Q: 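Sending over a structure as structure tokens; questions will come in a sec.
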Amino acid sequence: MTSQVPASILARGDAEDDGGRTKAAHFVFVPLREQGHLIPAVDTALLLATHGALCTIVAPPSTAVLVRRTVESTQRTRLPVRLVEFPLDYFESGLPEGADDGDRVPHRYMWNYYHAMALLRAPIESYLRAHAPYPTCIVSDFVHPWTTELAANLGVPRLSFFSMCAFGLLCQHNLERFHAYDGVKDSNEPVVVPGLERRFVVTRAQAPGFFRGIPIPWWEEFADYVERARAEADGVIVNTFLELEPEYVAGYAAAREMKVWTVGPVSTYHHSRTTLASTLASRGLRASAVDPDECLRWLDGKEPRSVVYVSFGSIAQADPKQVVELGLGLEASGHPFVWAVKDTADEYDETVREFLRELEARVGAGRCLLIRGWAPQLLILSHDAVGAFVTHCGWNSTLEAIAAGLPMVTWPHFSDQFLNEKMVVEVLGTGVSVGVKEPLTFQAVKKEILVGRDVVEEAVRSVMGDGEEAEERRRRARALAAKAAAAALVGGSSHANLQDLVNRFAPGPGTARGAAA
Ligand code: UDP
């Protein structure tokens, strides 16, 4: 076990006093390895530290390596953030040694991986008891239900962390608590989300619930365990902002009967300081697949709002045929584009690679920039040259686009992405859907679903176009960005919620559970 941040980072004196008691709140973050969970959790820890809290992030080495650069960059600003590594017990969990060392834990080992994470409870607890200052709150990714026991043993409250919109959380919660799928045989049958004022229609295939619908019994048991831990949490931290979805934030807090702290967009942490492009580009991974300065120079040469950025996040990967249709659609749209083409799992054969090389040659380096691997997404989205985002609707990507004031072409692949698409298209009115209705990734039965080149072209032309509708979409997107920026500033809702967390979970009589009341 090693602490990656030297004790000197705590020298500000705001974290410790005599006897190892802490004067400031001390949040212990237990994130999940997936970038869509890890990146926002780390950003939230950094934000809480700017409000005076000490934050300790605990993680296995294969996770810590993904965020070490970001955390170490805080040393320059002397933020009290620690990154502490806990090796996984491969043998006990049945996880093949090093199975978590690549960019992804292979899907077939996910169960063993969750088990290995749960086995970290005892070493984390011993570490926290032995290393002052004593924690005042556990902030757990919602997929780690075992942190209930960790917090109870330590006698401190536990908050669930979500990087999801409150709209999605509430829809999913209502679908489950009102048993909306009871008697529904076909997973593609439309179902109205119960308990909401407005009418939203989903299918079980689009919103099955976390870890639900996997035809293996222990996942269903795990889903129940996760749900119990969510229901027993002392509160919820969500990467969204109040002004984006006030009725759904209030609705979720009421439905769960717990306090909800909206603290987003947490990516604004990076905008508020002079972070190096290279550090920002490696946010969430070891390194960017493109030189970030080169990428910025490419964008600098483009007209404002003229470029389309395309990415399906850290997990989803377009099938080979889809790569071809997407590429041809982007080419036909006539707009310059930056396309983050993932090819990490050697998914693409030489035919696809050849197609991509030919596309680059035909369209020309001046009009297309292909990034084969991890893209410096935050740098790209916040550049003036970018005018729209073709996205898989992962919530982090969605919120980063909202913060950048961009309209979106929505192309959900799995999990909460279908609900996020509804949020963008039906609630916020800033997106155009490509019309995907069923999961494209993690399909129970493999099924080819192809979005044609003409659909891609049409959707891109529609968000980038000059018409009244496109202009109205852009106006709404700009207004949301202004609200997002205001939420993060002093006096804004997210800023105030961060401060409230730091105040409430400072040590004192209220900290030992119940502080969230
Ligand atoms: N991301 C990035 N570069 C990439 C792909 C993803 O920086 O090439 C970041 C992106 O900015 C976001 C996160 O990884 O913060 C992805 O989270 P999201 O919820 O959008 O999707 P997921 O990867 O979980 O499907």
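Note that the structure is a prediction, hence the values are computed from the model and not measured. Positions are given from 1 along the sequence.
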Q: May I ask you to decide if Cys393's main-chain N or O and Gln417's side chain share a donor-acceptor pair within less than 3.5 Å?
A: no
Q: Under a 3.5 Å cutoff, is there a donor and acceptor pairing between the side chains of Tyr109 and Asp100?
A: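 Checked: Tyr109/Asp100 side chains show no N/O donor-acceptor pair below 3.5 Å.
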Q: Taking atom types as modelled, find out whether Gln377 and Tyr309 have a side-chain donor-acceptor pair closer than 3.5 angstrom.
A: yes
Q: Is a donor on one side and an acceptor on the other found under 3.5 Å between the side chain of Asn112 and the backbone of Gly94?
A: yes
Q: Could you tell me whether the side chain of His144 and the main chain of Pro31 form a donor-acceptor pair under 3.5 Å?
A: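 Between the backbone of Pro31 and the side chain of His144 there is a qualifying donor-acceptor contact (under 3.5 Å).
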Q: Do Phe200 and Val192 touch side chain to side chain, with heavy atoms closer than 4.5 Å?
A: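 No, every pair of side-chain atoms sits at 4.5 Å or beyond.
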Q: Assess whether atom CG of Asp186 is packed by more than 12 heavy atoms of other residues, nucleotides or ligands within 6.0 Å.
A: yes
Q: Looking at Phe389, Phe418, Phe312, which one forms a ring-ring contact (aromatic ring centres under 6.0 Å, His included) with Trp411?
A: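 Looking at Phe389, Phe418, Phe312, the match for Trp411 under the ring-ring contact (aromatic ring centres under 6.0 Å, His included) is Phe312.
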Q: If we only count heavy atoms from C-beta on, is the Trp374 to Gln35 side-chain gap below 4.5 Å?
A: yes
Q: Cut-off 3.5 Å, side chains only: do Ser62 and Asp101 have a donor facing an acceptor?
A: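 The criterion, which ignores hydrogens and geometry beyond distance, is not satisfied for Asp101 and Ser62.
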Q: Between Thr63 and Ala59 (side chain of the first, backbone of the second, donor and acceptor by atom type, cut-off under 3.5 Å), is there such a pair?
A: no
Q: Just wondering, more than 12 heavy atoms not from Arg198 lying within 6.0 Å of its CZ?
A: yes
Q: Between the main-chain N or O of Ala253 and the side-chain N or O of Lys259, is there a donor-acceptor pair closer than 3.5 Å?
A: no
Q: Looking at side-chain heavy atoms only, is the closest gap between Glu245 and Thr240 below 4.5 Å?
A: yes
Q: Contact between Tyr248 and Val427 at the side-chain level, heavy atoms closer than 4.5 Å - yes or no?
A: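 The answer is yes, as the side chains (C-beta and beyond) meet within the 4.5 Å cut-off.
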Q: Charged N to carboxylate O under 4.0 angstrom, Arg453 versus Glu458?
A: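 A salt bridge is absent here (no side-chain N lies under 4.0 Å from a carboxylate O).
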Q: Quick check against the 3.5 Å criterion: does Asp319 have a side-chain atom that pairs as donor or acceptor with the backbone of Lys321?
A: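 Judged by distance alone, no pair lies under 3.5 Å.
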Q: How many angstroms lie between atom CZ of Arg473 and atom CG of Leu428, to the nearest 0.5 angstrom?
A: 12.5 Å
Q: For a quick test of reading the model, state the closest non-hydrogen atom pair linking Pro412 to Leu440 and the distance between them.
A: O-CD1, 3.7 Å
Q: Check whether any side-chain heavy atom of Ile371 lies under 4.5 Å from a side-chain heavy atom of Val341, and answer yes or no.
A: no
Q: What do you reckon, are the aromatic ring centroids of Phe222 and Trp111 less than 6.0 Å apart?
A: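 Under 6.0 Å, so yes.
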Q: Is the shortest side-chain heavy-atom distance between Met258 and Val236 below 4.5 Å?
A: yes
Q: Does a salt bridge link Arg476 with Glu472, judged by any charged N lying under 4.0 Å from a carboxylate O?
A: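 Answer for the salt bridge query: yes.
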Q: Mind checking whether Lys483 and Phe241 have side chains closer than 4.5 Å, heavy atoms only?
A: yes
Q: For the side chain of Gln206 and the backbone of Leu419, is there at least one donor-acceptor N/O pair under 3.5 Å apart?
A: no
Q: Quick check, are the ring centers of Phe211 and Tyr114 under 6.0 angstrom apart?
A: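 Between Phe211 and Tyr114, the centre distance is under 6.0 Å.
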Q: If you count the non-hydrogen atoms of other residues, nucleotides and ligands that lie under 6.0 Å from CD in Glu257, is the total more than 12?
A: no
Q: Does the ring of Tyr348 carry Arg353 above it, NZ/CZ under 6.0 angstrom from centre and within 45° of its axis?
A: no
Q: Among Val238, Val260, Asn174, exactly one meets side chain to side chain contact (heavy atoms under 4.5 Å, CB included) together with Leu169. Which residue is that?
A: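 Only match with Leu169 under side chain to side chain contact (heavy atoms under 4.5 Å, CB included): Val238.
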Q: Should Arg230 and Glu176 count as an ion pair when the cut-off is N to O under 4.0 Å?
A: no
Q: Any side-chain donor paired with an acceptor under 3.5 Å for Glu34 and Ser314?
A: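 The criterion, which ignores hydrogens and geometry beyond distance, is not satisfied for Ser314 and Glu34.
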Q: Determine yes or no for a side-chain-to-main-chain donor-acceptor pair under 3.5 angstrom, with Arg461 supplying the side chain and Ala332 the backbone.
A: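 Yes.
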Q: For the pair Asn497 (side chain) and Thr262 (backbone), establish whether a donor and an acceptor sit closer than 3.5 Å, ignoring hydrogens and angles.
A: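 Confirmed, Asn497 side chain pairs with Thr262 backbone.
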Q: Can you tell if the side chain of Glu232 reaches within under 4.5 Å of the side chain of Arg158, non-hydrogen atoms only?
A: yes
Q: Between the side chain of Ser140 and the main-chain N/O of Phe142, is any donor-acceptor distance below 3.5 Å?
A: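 Judged by distance alone, no pair lies under 3.5 Å.
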Q: Strictly below 4.0 Å, N to O, side chains only: are Glu189 and Arg204 in salt-bridge contact?
A: no
